[in-house]
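In each ligand, atom 1 is the first atom listed, and ligand 1 is the first ligand listed.
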Amino acid sequence: MIKERKRGNLYVISGPSGCGKNSIIQELLKRQSNLWLSISCTSREKRLNEVNGKDYYFLSKDEFERKIKNNEFLEYALYADNYYGTPKEIIEKHLDAGEDVILEIEIMGALKIKKILPETLFIFILPPSMKELRKRLEGRGSESKSTIDKRFRKAYEEINSINDYNYVVVNDEISNAVEKICAILISEKCRVDRIESLDIDNVEEEIHETLINKN
Ligand code: 5GP
């Protein structure tokens, strides 16, 4: 009766640095088999625990700018003095193959996506408090105090953009946050404007046949 749309959904997840986006997304990927996480390119330094091609594609500033010129990004932004960008071609491939795609990107990039792909769903992750956010940023132990300060200050600007998002999820506990996002993703799949077609003629036929068989 219902023909589901073959093309996957695109989800953008944003939130201030240190709010736990990455841990939430890793847990989501374990739970939802049809979900693919886009790997971004960045010109920032690789952190100790990060792997090229898994966490990011780490590029030099020149390499990144060459890709901008070649129009290889769906969107890109400068964040804390470094470039970050979403590779375009691979996203289209996954969406066309019917997979749902997650972009974990900051707000400027999210706003660009909203303009070019308005059917995208936007989810914002909040820390339970600013004190807790600071604690988490410091707890990573991977950045200098000035970088931490910069990211912490940026959080205000980011949280101010929350009205551009469709959903907000507080990350008090990873499992709670994941549960809420799973519920959001499931309800998105049930939205009437996300289905390809509803075969009303078929419904009429079925009603008719059922009535004939009953009489
Ligand atoms: P981090 O340096 O902590 O890994 O990321 C810094 C910020 O850049 C985070 O808010 C993250 O979501 C964002 N980011 C990561 N990849 C992309 C991307 O491809 N595009 C944009 N616009 N932001 C990104």
Side-chain angles (χ1 to χ4, degrees), residues 10-26 28-29 36-61 63-68 70-92 94-95 101-117 120-127 130 133-162 164-165 167-169 171 177 181:
L10 185 61
Y11 304 114
V12 164
I13 296 192
S14 306
S17 190
C19 72
K21 288 168 295 200
N22 202 270
S23 313
I24 291 174
I25 290 171
Q26 291 311 319
L28 269 179
L29 293 173
W36 183 79
L37 172 66
S38 159
I39 302 169
S40 297
C41 297
T42 183
S43 64
R44 88 147 155 72
E45 288 283 308
K46 186 162 84 64
R47 294 181 192 137
L48 269 180
N49 56 340
E50 288 179 325
V51 179
N52 188 30
K54 181 174 167 275
D55 297 289
Y56 282 106
Y57 295 106
F58 293 95
L59 306 176
S60 67
K61 199 164 167 263
E63 284 171 322
F64 201 105
E65 286 175 348
R66 209 171 312 128
K67 282 185 184 286
I68 296 176
N70 289 341
N71 197 22
E72 291 181 42
F73 294 117
L74 186 59
E75 64 71 36
Y76 70 92
L78 257 179
Y79 180 95
D81 305 328
N82 292 304
Y83 281 123
Y84 294 84
T86 306
K88 188 159 52 179
E89 216 179 289
I90 185 117
I91 304 274
E92 284 299 320
H94 282 272
L95 288 173
V101 172
I102 290 195
L103 309 182
E104 193 247 279
I105 62 176
E106 52 67 71
I107 49 167
M108 293 318 293
L111 292 179
K112 284 183 200 159
I113 298 283
K114 201 170 184 179
K115 267 200 187 138
I116 48 178
L117 298 167
T120 307
L121 186 88
F122 296 85
I123 303 172
F124 197 91
I125 312 285
L126 270 183
M130 295 316 282
L133 182 70
R134 180 78 199 191
K135 206 169 108 193
R136 289 181 191 174
L137 274 171
E138 286 171 355
R140 293 208 290 220
S142 53
E143 288 131 311
S144 66
K145 185 173 175 301
S146 73
T147 305
I148 291 175
D149 284 348
K150 212 182 255 178
R151 283 170 181 251
F152 189 58
R153 249 182 257 118
K154 205 158 173 57
Y156 174 72
E157 184 190 314
E158 290 170 316
I159 293 171
N160 243 334
S161 298
I162 213 160
D164 288 307
Y165 286 73
Y167 290 96
V168 57
V169 172
N171 182 19
I181 297 177

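Using a 4.0 Å cut-off between charged nitrogen and carboxylate oxygen, R44 and E143 do not count as a salt-bridge pair. Between R66 and E63 there is no salt bridge, since no side-chain nitrogen of the basic residue lies less than 4.0 Å from a carboxylate oxygen of the acidic one. Here R134 pairs with E138 in a salt bridge; the nearest charged N to carboxylate O distance falls below 4.0 Å. Ionic pairing of E75 and K112 is not present here: no N-O contact between side-chain nitrogen and carboxylate oxygen is shorter than 4.0 angstrom.
Counting only residues at least two apart or in different chains, side chain to side chain donor-acceptor pair (under 3.5 Å) contacts with residues 12-22 comprise S14-Y165, S17-R140, S17-R151.
Contacts of ligand 1 (protein heavy-atom distance under 4.0 Å) are S17, K21, S40, R44, R47, Y56, E75, A77, Y79, Y84, G85, T86, E104, I105, E106, G109, R151.
Looking only at side-chain heavy atoms (C-beta outward), Y83 and E65 come within less than 4.5 Å of each other.
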